[in-house]
Amino acid sequence: MLSALLLFLAAAQPARSQTTPPPTTESAVFAGGCFWSEEKAFEDVPGVRSAVSGFVGGHTANPTYEQVVRGGTGHMEAVQVTFDPRVVSYRALVDRYWRTIDPTDPNGQFCDQGPSYRAAVFATDQQRADAVASRDAAMRVLRKSFTTPVVGVQRFWPAAEEHQNYAKRHAASYQAYRIGCRRPERLRAIWGDAAVS
């Protein structure tokens, strides 16, 4: 009798899910010169699930690094940031982005100059208002016009594995590049203590 009652009570309990659904994520795409630097600027932000180096904005499908650097693909080096909007907002990420670049340089970033190193925010229709508001607020801080555009989202192509997590996997090489490019000093000259280098 007792065992029958226990079976009845167990059957009456609502079924519990054995797995937790994955968190909702969104993506943001930023071109800002060297994709190793952009990846490093976002990968440790709380709420960011991944930062992937790659290419965006061009017409060549599945481009290689060599093709993009050589020119003619129309692509820019970029980072695709996948994030949990319950932890970090898109607006917070785009606010951070401006402080990782010189938004007044139309031809590249720091020692990396040329079409593949141009800067741009690639925003979805839902992200555009936040991206533009963030840009306008950052322009008021610097009291300068920006040449970095906010454009519509385009296909993002991940770079080869050798370019992913480069700053962490090749810390000495990345540090030498960063110092040689004078990235920290130049960002501080533009953004002061708000610089993200």
Side-chain angles (χ1 to χ4, degrees), residues 26-48 51-58 68 71 74-85 87-154 156 166-167 174-197:
E26 296 178 17
S27 291
V29 176
F30 305 113
C34 170
F35 52 23
W36 298 335
S37 297
E38 287 301 301
E39 182 185 73
K40 182 180 183 304
F42 289 100
E43 64 189 356
D44 292 328
V45 173
V48 168
V52 176
S53 291
F55 311 103
V56 69
V68 172
H75 284 295
M76 294 174 257
E77 290 193 17
V79 63
Q80 182 181 60
V81 180
T82 300
F83 64 99
D84 184 342
V87 180
V88 62
S89 68
Y90 174 77
R91 174 63 190 264
L93 293 175
V94 75
D95 285 349
R96 182 179 182 84
Y97 163 75
W98 297 116
R99 285 142 182 90
T100 70
I101 64 167
D102 175 356
T104 67
D105 187 342
N107 300 313
Q109 290 297 302
F110 312 113
C111 64
D112 295 314
Q113 295 291 306
S116 65
Y117 296 112
R118 290 170 295 142
V121 176
F122 292 84
T124 66
D125 291 344
Q126 294 77 21
Q127 293 169 339
R128 185 171 182 79
D130 277 340
V132 170
S134 174
R135 180 196 62 197
D136 292 349
M139 281 196 295
R140 286 192 295 275
V141 169
L142 290 189
R143 299 179 183 170
K144 294 180 180 178
S145 293
F146 288 4
T147 59
T148 301
V150 174
V151 298
V153 71
Q154 297 183 36
F156 176 84
Y166 190 89
Y174 177 72
Q175 188 67 1
Y177 156 77
R178 187 172 166 264
I179 299 304
C181 203
R182 299 186 61 237
R183 188 179 183 90
E185 294 89 346
R186 294 176 76 179
L187 281 168
R188 274 197 302 274
I190 298 165
W191 293 105
D193 291 341
V196 179
S197 65

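Counting heavy atoms from C-beta on, the side chains of Q113 and D105 come closer than 4.5 Å. Between V48 and L93 there is a side-chain heavy-atom pair separated by less than 4.5 Å. Residues V121 and S134 have side chains not in contact (no heavy-atom distance under 4.5 Å, counting atoms from C-beta outward). Using a 4.5 Å heavy-atom cutoff, the side chains of R99 and V141 are in contact. Between F55 and M76 the shortest side-chain heavy-atom distance does not fall below 4.5 Å. Residues F83 and S89 form no side-chain contact, since every pair of their non-hydrogen atoms from C-beta on lies 4.5 Å or further apart.
Ring orientation note: the planes of W36 and Y174 are nearly perpendicular, at an angle over 60° on the 30°/60° scale.
Between A123 and Y90, the shortest heavy-atom distance links the atoms CB-OH, 3.9 Å. Of all heavy-atom pairs between A131 and V150, the closest is CB-CG1, 3.8 Å. R91 approaches A137 most closely through the heavy-atom pair NH2-CB, 3.9 Å. Heavy atoms only, all atoms of each residue included: Q109 and A119 are closest at NE2-CB, 4.0 Å. S145 and T104 get closest at one heavy-atom pair: O-CG2, 3.6 Å. Closest approach of G58 to H75, counting heavy atoms only: N-ND1, 3.0 Å.
Among pairs with a residue in residues 26-46, those fulfilling salt bridge (Lys or Arg N to Asp or Glu O under 4.0 Å) read E38-R183, D44-K168, at least two apart in sequence or across chains.
For the 3.5 Å distance criterion, the side chains of S197 and R178 qualify, holding a donor opposite an acceptor.
Considering CD of E185 and CG of L187, their distance stands at 9.5 Å, rounded to 0.5 Å. Residue N107 holds its CG atom at 8.0 Å from OG1 of T147, rounded to the nearest 0.5 Å.
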Apply ring pair (Phe, Tyr, Trp, His ring centres under 6.0 Å) to the pair Y117 and F110, showing each step before the final yes or no.
CA-CA 9 Å; Y117 296 112; F110 312 113; over 10 Å; no
Would you check, one step at a time, whether the test disulfide (SG to SG under 2.5 Å) holds for C181 with C111?
CA-CA 5 Å; C181 203; C111 64; 2.0 Å; yes
How far apart are the C-alpha atoms of F35 and V56, what are their side-chain angles, what is the distance that settles it, and do they pass the side-chain contact (heavy atoms from CB on, under 4.5 Å) test?
CA-CA 11 Å; F35 52 23; V56 69; over 6 Å; no
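Side-chain atoms of R135 do not come within 3.5 Å of backbone N or O of W98 as any donor-acceptor pair. Under a 3.5 Å cut-off, the side chain of W191 and the backbone N or O of D102 do not form any donor-acceptor pair.
Aromatic pair F122/F156: centroids not less than 6.0 angstrom apart. The six-membered or imidazole ring of F42 lies away from that of Y97, with a centre-to-centre distance of 6.0 Å or more.
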